[in-house]
Amino acid sequence: MNAIYGVYAEPASAQRAVEGLRAAGLPETSLLVLSAEPWGEYEFGAYRRHSRMPWLAACGGFLGGVVGFALVAGTQQSWPLRTGGMPIVTLWSAGIITYEMTMLGAILATVLTLFVSSRLWPARQPRLTDPALADGFIVVGASEPPDHLRAEIERRLREAGSEGIKTVPGSAC
Amino acid sequence: MSRRWGMVVDLDRCTGCEACVVACRAENNVPTVGETEAARGRAIHWIRIERYWEGEFPNARIRFVPVLCQHCEAAPCEPVCPTYASYHTADGLNAQVYNRCIGTRYCANACPYTVRFFNFFHPVWEKPLHLQLNPEVSVREVGVMEKCTFCVQRIKAAELQAKAEARELRDGDVQPACAQACPADALLFGDLNDPDSRVAQLARSPRGSKLLEEVGTQPKITYLARLSWSGDGEDR
Amino acid sequence: MEKTASRINDDLLRPVLETSPRFYLAVVLVGLVAALGFVAWGYQIWNGIGVAGISRPVFWGFYITNFVFWIGISHAGTLISAILRLANAGWRRPVTRCAEAITVFALMIGAMFPLIHLGRPWLAFWLFPYPNERGLWPNFRSPLLWDFFAINTYLLGSFLFLLLPMLPDFALVRDRARGWRQRVYGWLALGWEGTPRQWHRLETAMHIMAVLIIPVAVSVHSIVSFDFAMSPVPMWHSTIFAPYFVAGAIFSGLAALILAMALLRKLLHLEEYLRTEHFSNLGKLLLVMSLLWFYFIFAERLTVWYGNDPAEMAVFRATQSGPYAPLFWVMVFCNFLLPVPLLTIPRLRTIASTVVAALGVVVGMWLERFLIIVPALAHKFLPYSWGTYAPTWVEITITVATFAGMVLLYMLFAKLVPVISVWEWKVGRHPLAEQRAEISPAVAKTVAPEGSA
């Protein structure tokens, strides 16, 4: 990835850097913020778009429940072993398995949504890491910055209080 | 009309001789587990004579109750089995499908009569005892539950015989080993759905009651109460 | 003094990055004990289940006791952690991961017992619902099938609940480590970057999972109780069993959590992270559960005693004053008489005494499971078939081995994963940690200038 960024020790300066980049005319999609801990209480660390995750979880749960009930009802009726005149499919016992499968469906849908929407999968390499991240620093910068804005971005990042400006690929300057 | 096999146990007639127990073992290839195992409570008897002492010496009396699988209509052992090994046949037998059994022993816990038995080890018949095994009855392997079948092999054989002779099964055609061996005729077997069968008639007797009826299992064995003892130690 | 991020990293990642020879020695020793369990199990499979002490009528003994006990222990983790997450209790931060790990491992161990206790364990797969050549599906009306579904849902859910918040910490190890660790943890981190979007999604997912996992946990031990309550066995066939089992499960789980935390604190030198307040708070929860446990057992026993049903009274007397009485009263001591004073009197509520109380509860709750199962089976309706039970060396070995197995799994876990969630701990230091800018954007505006001053 092609990026230019600064590292900030204080969330307040990271906030200033983000605001500076916006003032420089950087599109929101190019804005790059990384941290080793969530900073949801600051504007720069908050993600405003509402997630559809609860709805997807509900759908997953519904699907799981349907599969659960279909499994119980379908298999028992496909080979009806009527024992002692007792009902083959009972709501009481099918209800328990339907319930467990509903929950399983909702849990799997939640996790799957997280993995897909956050682009997480095994052996995937992060686009950008910086040793400073682990020490609590916040990375603010621009990914794929337009060439004409490069100087302006660098100035704004420095102004906000970054110790040094780094570019990827390439050496730190 | 479908059959509903049942039994009547006349407690007045039972002498506690245990001929039924021996006959059942011989008929059904019930394994002998040996002294040590039996002492640990692992002996297998599909039918047993329960003895209860009543009263204080010298007015003590003994009461014999033959207990075997009650072939319940609402058998608690059936729904709890995860593999359908405990199964209800169309003619009302509470069957155990040995090949399906994986040995959770859940059925044995659910059974209020404790008439289900478990093969804790692989059963052995030391030579020459293996020669007396009944070829009509499968032997059970380690880890499998087993229990009274109402001598299902005899029921099947009698049904075949009747079919071969192109006639209906008659009352008394089928006799399980225990009933056959009983010298006092305390055990009587037959079709409860046939109102004229002896077993159905006796099951309607006012002396009749069911074992642990309050548990709600609807057993198919009727016990006829003992009249010959008033309870004060004197025979009537 | 507040700790810097790198200092926290050093403290919490040290066990992952450095290993002393003593650790390997301990792993070998504990592993040997756990391996003995497999030897005993192999012996049992080879010779037949008869090498265990079960008999007629006590068809279930130590194995099912251990099953209920370990599934109970599993209720410490995910359930407690989910409740504390939803309640946004700040002190949860260093506790959640050790708790969730207990759940996963205890479930793995507990779920082994239904297989160990089978008469023909080589056919255990007949319990699983899959299309098969026998043309026969399992009986979904059997509580054992309910167990199968409940435990699988709970195990999978708890595993994911444990895994999700570990991703940022795996990424941290990836960024700090060199060599094979960098590769392995890089793979495990799934490419975690730490963008606001990822953090938000992770927290949303954890929130949803917490809401889902609580009713699952409640259902799991209810269903374990149904294994008993569905049978017409005196003192099993009871409507109180489900809540009684759930309360007991949380009770024993909390105790296990306290023990695990005390060990971690001592062995990994986490005194500054797992502090007196954590033990004190968990101790108070343990106290509440102890009182609840007593309430349940009182309600159960009183109803039986007053009802005076002959079959139930036989079991009642056997436990209260008969052959099982010594175990029963030890249980009452361990579960109630010991923990209540230790945890009620503030002066006594130290870390050491909380650990003593927790140790008592673990022992007491194991006895409780035993006393629910065995005396009832030994005294069913027909006195002619009453029996007794004594465990054999096979059952005792397997039981001890599962405790060793738990310790072993936990040791390996604490070695491979930062056992205190590093990022959650760091968030705990934020002055406004419990708030979100998206909820009140004004906060962000007011905080920003203050920080720059």
Side-chain angles (χ1 to χ4, degrees), chain B residues 33 37-45 48-52 65 67 72 74 76-87 97-123 140-145 211-212 214-217, chain C residues 45 47-60 64 114-115 117-128 134 136-148 227-228 230-234 236-237 309 311 373 376-378 380-390:
Chain B
V33 295
E37 288 300 298
R40 294 170 75 183
R42 291 169 173 184
I44 301 180
H45 315 278
R48 62 172 179 264
I49 306 293
E50 297 199 349
R51 287 168 305 170
Y52 293 101
V65 185
V67 176
C72 311
C77 56
E78 285 168 7
V80 299
C81 177
T83 55
Y84 282 113
S86 182
Y87 177 60
V97 186
Y98 308 124
N99 281 341
R100 285 182 196 157
C101 178
I102 57 172
T104 66
R105 306 186 293 287
Y106 200 168
C107 55
N109 287 342
C111 175
Y113 308 98
T114 329
V115 288
R116 297 183 141 264
F117 300 85
F118 187 64
N119 286 284
F120 287 92
F121 292 108
H122 206 79
R140 284 74 63 179
E141 77 161 356
V142 61
V144 169
M145 298 298 308
L211 192 58
L212 298 178
E214 69 277 14
V215 182
T217 52
Chain C
I45 293 175
N47 289 292
I49 183 80
V51 299
I54 43 169
S55 64
R56 194 181 70 94
V58 187
F59 285 103
W60 287 354
I64 300 298
L115 306 184
H117 102 125
L118 284 184
R120 299 204 288 176
W122 49 91
L123 297 176
F125 59 93
W126 286 5
L127 282 168
F128 305 158
R134 304 189 306 287
L136 183 68
W137 289 79
N139 176 8
F140 292 104
R141 291 168 305 162
S142 168
L144 296 184
L145 258 287
W146 308 345
D147 271 336
F148 175 84
D227 288 348
F228 306 100
M230 295 301 124
S231 317
V233 173
W236 277 11
H237 195 49
D309 177 83
I373 295 166
L377 287 178
K380 291 211 298 194
F381 296 94
L382 299 174
Y384 186 81
S385 296
W386 284 1
T388 53
Y389 169 77

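So that the names make sense, note that chain A is the first sequence line, chain B the second, and so on, each numbered from 1. Computation of the quantities below employed the complete heavy-atom set of this structure, encompassing side-chain atoms and omitting hydrogens, waters and symmetry-equivalent molecules.
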Select, from [options], the one with the greatest count of heavy-atom pairs under 4.5 Å involving chain C.
options: M145(B), E214(B), E141(B), R51(B); result: E141(B)
options: P76(B), A108(B), C77(B); result: A108(B)
options: I44(B), T217(B), V65(B), N99(B); result: N99(B)

### Task
With a 4.5 angstrom heavy-atom cut-off, could you sort out which part of L212(B) is near chain C: side chain, backbone, both or neither?
side chain

### Query
Contact part of V142(B) toward chain C, heavy-atom cut-off under 4.5 Å: side chain, backbone, both or neither?
both

Any [X] side-chain heavy atom under 4.5 Å of [Y] side chain:
X: P121(C); Y: I45(C); result: yes
X: W126(C); Y: R134(C); result: yes
X: F125(C); Y: I102(B); result: no
X: L377(C); Y: W236(C); result: yes

### Task
List for me each residue that meets ring pair (Phe, Tyr, Trp, His ring centres under 6.0 Å) alongside Y106(B), sequence neighbours excluded, and say none if there are none.
W60(C)

Does any heavy atom of chain B fall under 4.5 Å from the side chain of [X], the backbone, both, or neither of them?
X: W137(C); value: backbone
X: I49(C); value: both
X: A311(C); value: neither
X: I64(C); value: neither
X: L136(C); value: side chain

### Residues of residues 383-390 of chain C contacting chain B, heavy-atom criterion under 4.5 Å, by residue number
P383(C), Y384(C), S385(C)

Which of [options] touches chain B most, by non-hydrogen pairs under 4.5 Å:
options: M230(C), K380(C), H237(C); value: K380(C)
options: L144(C), L123(C), L127(C); value: L144(C)
options: V233(C), D227(C), L145(C); value: D227(C)

### Message
Rounded to the nearest 0.5 Å, what separates atom CD1 in I373(C) from atom CZ in F228(C)?
### Response
4.0 Å

Pair up each side-chain donor or acceptor in residues 78-85 of chain B with any protein partner under 3.5 Å, not counting sequence neighbours, and list the distances.
{"residue": "E78(B)", "atom": "OE1", "partner": "H88(B)", "partner atom": "ND1", "Å": "3.3"}
{"residue": "E78(B)", "atom": "OE2", "partner": "H88(B)", "partner atom": "ND1", "Å": "2.5"}
{"residue": "E78(B)", "atom": "OE2", "partner": "N94(B)", "partner atom": "ND2", "Å": "2.4"}
{"residue": "T83(B)", "atom": "OG1", "partner": "R100(B)", "partner atom": "O", "Å": "3.1"}
{"residue": "Y84(B)", "atom": "OH", "partner": "Q76(A)", "partner atom": "OE1", "Å": "2.4"}

### Under the side chain to side chain donor-acceptor pair (under 3.5 Å) test, residues paired with N119(B) that sit two or more places apart
E146(B)

